[in-house]
**Student:** 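Got a structure for you, written out below as structure tokens; questions coming shortly.
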Amino acid sequence: MADDSSRKRKVRGRKIRSDRSRKESRHAKKKLARKSSNGTSSASARSGDGPLSAPEAVAPDPFVETDAVASLRSRITGWLEAEKPVHLIGPTGCGKTALALSAAAERGRPVVWINGDESVDTAALVGANAGGERYKETDQFVGGVSKKTEVVRERWVDNPLSVAVREGATLVYNEFSRSDPSAHNVLLSVFEEGVLERPGKRGEDRTIDVHPEFRAIFTSNDVEYAGVHRQQDALLDRFVGVHIDYYDEETEREIVKSHVDLSDEDVAAIVAKTRALRDELDLVVGTRAAITAAKGLAVFDGQRNGDGDGDPGEFDDELLTDVFMDVLAPKIAGEGPEDVSQLRTQIAESV
Ligand SMILES: Nc1ncnc2c1ncn2[C@@H]1O[C@H](COP(=O)(O)OP(=O)(O)OP(=O)(O)O)[C@@H](O)[C@H]1O
């Protein structure tokens, strides 16, 4: 995408954008992520089988759409239209989640979100009995005779998958390969027979017929995907897989610009540095690292230059090294001091 030359160049060292509506929307997304971290969803777990009060489809905000982004997204929405579950595979921080949420939002159906992790089991996906409800009935039909009965009724709580298949939502299952593969056995009949079985649920409504509008997007990290939790071939066979890599340089610049209020030159310098480190280091240096570095530089460079009048696109070498070191250091947390100083040397040399 060509640079927007009408964009007013912004002075380096300004504050990170803090527009109120954007903040509120980010706050809503954070809430969504917090809920999802225990296997619940944006649609939230609920009891009974009543209608879902569907949440608005949450489009990521900010969301940059260059040709590269739009083309990937239409590949995803195309496969969803063809009724195929889509599996997005790519390195950490390359934009899988943002893309999945954007594609899901585009469908205009409710979005149900799950985060995969070790604790996700079948019940976390499907639902479970959440204890009994006790109440007393008093029968006084016969004069002078009073009969009291205690009734215990099981209370079932649906979890995200049940909600999504019933309501025809778009399920976004983030980092699904982090969950135990056995938790996903229930997905086979969802995609094959169009029926969800709810183990633990008794009676006629033990199964749910899958809504014709139900669709699913799965994401996984390409490194982890090949690791411990190799998912069943029978399941993977029913997905289409879309491999994503880091975006082109222009797209990465636009993405960083959308998150941080810095001049085009500054953003270009940060993205170029990120891409160089990506090539040179043995670490995964994603777009998220570029955004974090830009946020740090917006603050620290402003502090250093006081009124923020440093030359656009030129940061102090030591500052740049410090900031990238802090951004990438978590990736070598737990390594010895030698590795830490080696990383610093590599970054400084690259700078
Ligand atoms: N098209 C986009 N527009 C705006 N921001 C984006 C876009 N794509 C990615 N980002 C931003 O880049 C960062 C990384 O993206 P995202 O979280 O989607 O990556 P991911 O591949 O899902 O990462 P992980 O594997 O760690 O979950 C996030 O801050 C996200 O907001």
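Each ligand, and each atom within it, is numbered from 1 in the order the structure gives. Quantities reported herein were computed from a predicted structural model and do not represent experimental measurements.
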**Student:** Could you pull out every donor-acceptor pair under 3.5 Å between side chains of residues 186-193 and any protein atom, sequence neighbours left out?
**Tutor:**
residue	atom	partner	partner atom	Å
Ser189	OG	Val195	O	2.9
Glu192	OE1	Arg238	NE	2.7
Glu192	OE1	Arg238	NH2	3.2

**Student:** Quick one: does Gly93 get a heavy atom under 4.0 Å from ligand 1?
**Tutor:**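 Under 4.0 Å: yes for Gly93.
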**Student:** Enumerate the atoms of ligand 1 whose separation from the nearest heavy atom of Pro91 is less than 4.0 angstrom.
**Tutor:**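 This gives 21 (O) as the contact atoms.
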**Student:** Let me know which of Asn159, Asp121, Leu196, Asp158 forms a side-chain contact (heavy atoms from CB on, under 4.5 Å) with Val126.
**Tutor:**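 For Val126, the side-chain contact (heavy atoms from CB on, under 4.5 Å) test succeeds with only one of Asn159, Asp121, Leu196, Asp158, which is Leu196.
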**Student:** Using modelled atom types and a 3.5 Å cut-off, is there a donor and acceptor pairing between side-chain atoms of Thr219 and backbone atoms of Glu175?
**Tutor:**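 Yes, because the side chain of Thr219 sits within donor-acceptor range (under 3.5 Å) of the backbone of Glu175.
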**Student:** Is it the case that ligand 1 has an N or O less than 3.5 angstrom from some N or O of Cys94?
**Tutor:**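 Yes; the residue has a nitrogen or oxygen that sits under 3.5 Å from a nitrogen or oxygen of the ligand.
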**Student:** Would you name the heavy atoms of Thr287 and Arg278 that are closest together and state the gap between them?
**Tutor:**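 Answer, listing the atom of Thr287 first, then Arg278: N-NH2, 3.8 Å.
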**Student:** Are His184 and Tyr173 close enough that their ring centers fall under 6.0 Å?
**Tutor:**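 Here the rings of Tyr173 and His184 have centres that are less than 6.0 Å from each other.
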**Student:** Looking only at distance, does Thr287 have an N or O less than 3.5 Å from an N or O of ligand 1?
**Tutor:**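 No.
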**Student:** Between Thr97 and ligand 1, is there a nitrogen or oxygen pair with a distance under 3.5 Å?
**Tutor:**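 Yes, at least one N or O pair falls under 3.5 Å.
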**Student:** Hey, which atoms in ligand 1 end up nearer than 4.0 Å to a heavy atom of Pro62?
**Tutor:**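 Within the 4.0 Å cut-off of Pro62, ligand 1 contributes 3 (N), 4 (C), 5 (N).
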**Student:** Run the salt-bridge test on Arg253 and Asp264 with the 4.0 Å N-O cut-off and return the result as yes or no.
**Tutor:**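 No, Arg253 and Asp264 are not salt-bridged.
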**Student:** What atoms of ligand 1 come within less than 4.0 Å of a heavy atom belonging to Phe63?
**Tutor:**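 Numbered from 1, ligand 1 contributes 1 (N), 2 (C), 3 (N), 4 (C).
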**Student:** Do any N/O atoms on Leu99 end up under 3.5 angstrom from N/O atoms on ligand 1?
**Tutor:**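 N/O-N/O distance below 3.5 Å does not exist for this pair.
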**Student:** Relative to the heavy atoms of Glu175, which atoms of ligand 1 are at a distance of less than 4.0 Å?
**Tutor:**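 Ligand 1 atoms under the 4.0 Å threshold to Glu175: 24 (P), 25 (O), 27 (O).
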**Student:** Report the member of Ile255, Thr66, Val256 with the shortest heavy-atom distance to atom 10 (N) of ligand 1.
**Tutor:**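 That would be Ile255.
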**Student:** Would you say the side chains of Thr170 and Arg215 form a donor-acceptor pair under 3.5 Å?
**Tutor:**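 The answer is no; no qualifying pair exists.
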**Student:** N/O of Lys96 under 3.5 Å from N/O of ligand 1, yes or no?
**Tutor:**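 It does: an N or O of Lys96 is found under 3.5 Å from an N or O of ligand 1.
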**Student:** Partners of Thr321 by side chain to side chain contact (heavy atoms under 4.5 Å, CB included), sequence neighbours excluded?
**Tutor:**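 For Thr321, the residues satisfying side chain to side chain contact (heavy atoms under 4.5 Å, CB included) (neighbours in sequence not counted) are Arg344, Ile347, Ala348, Val351.
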**Student:** Is it the case that ligand 1 has an N or O less than 3.5 angstrom from some N or O of His259?
**Tutor:**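 N/O-N/O distance under 3.5 Å: yes.
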**Student:** For Ile291, is at least one N or O under 3.5 Å away from an N or O on ligand 1?
**Tutor:**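 Among all N and O atoms of Ile291, none is under 3.5 Å from an N or O of ligand 1.
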**Student:** Arg288 to ligand 1: N or O pair under 3.5 Å?
**Tutor:**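 Yes, at least one N or O pair falls under 3.5 Å.
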**Student:** For atom 8 (N) of ligand 1, which of Ala98, Gly286, Ser102 has the closest heavy atom?
**Tutor:**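 Answer by nearest heavy atom: Ala98.
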**Student:** Please name the residue in the list Val271, Asp67, Thr66 that meets the side-chain contact (heavy atoms from CB on, under 4.5 Å) test with Thr251.
**Tutor:**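 Filter result, single survivor: Thr66.
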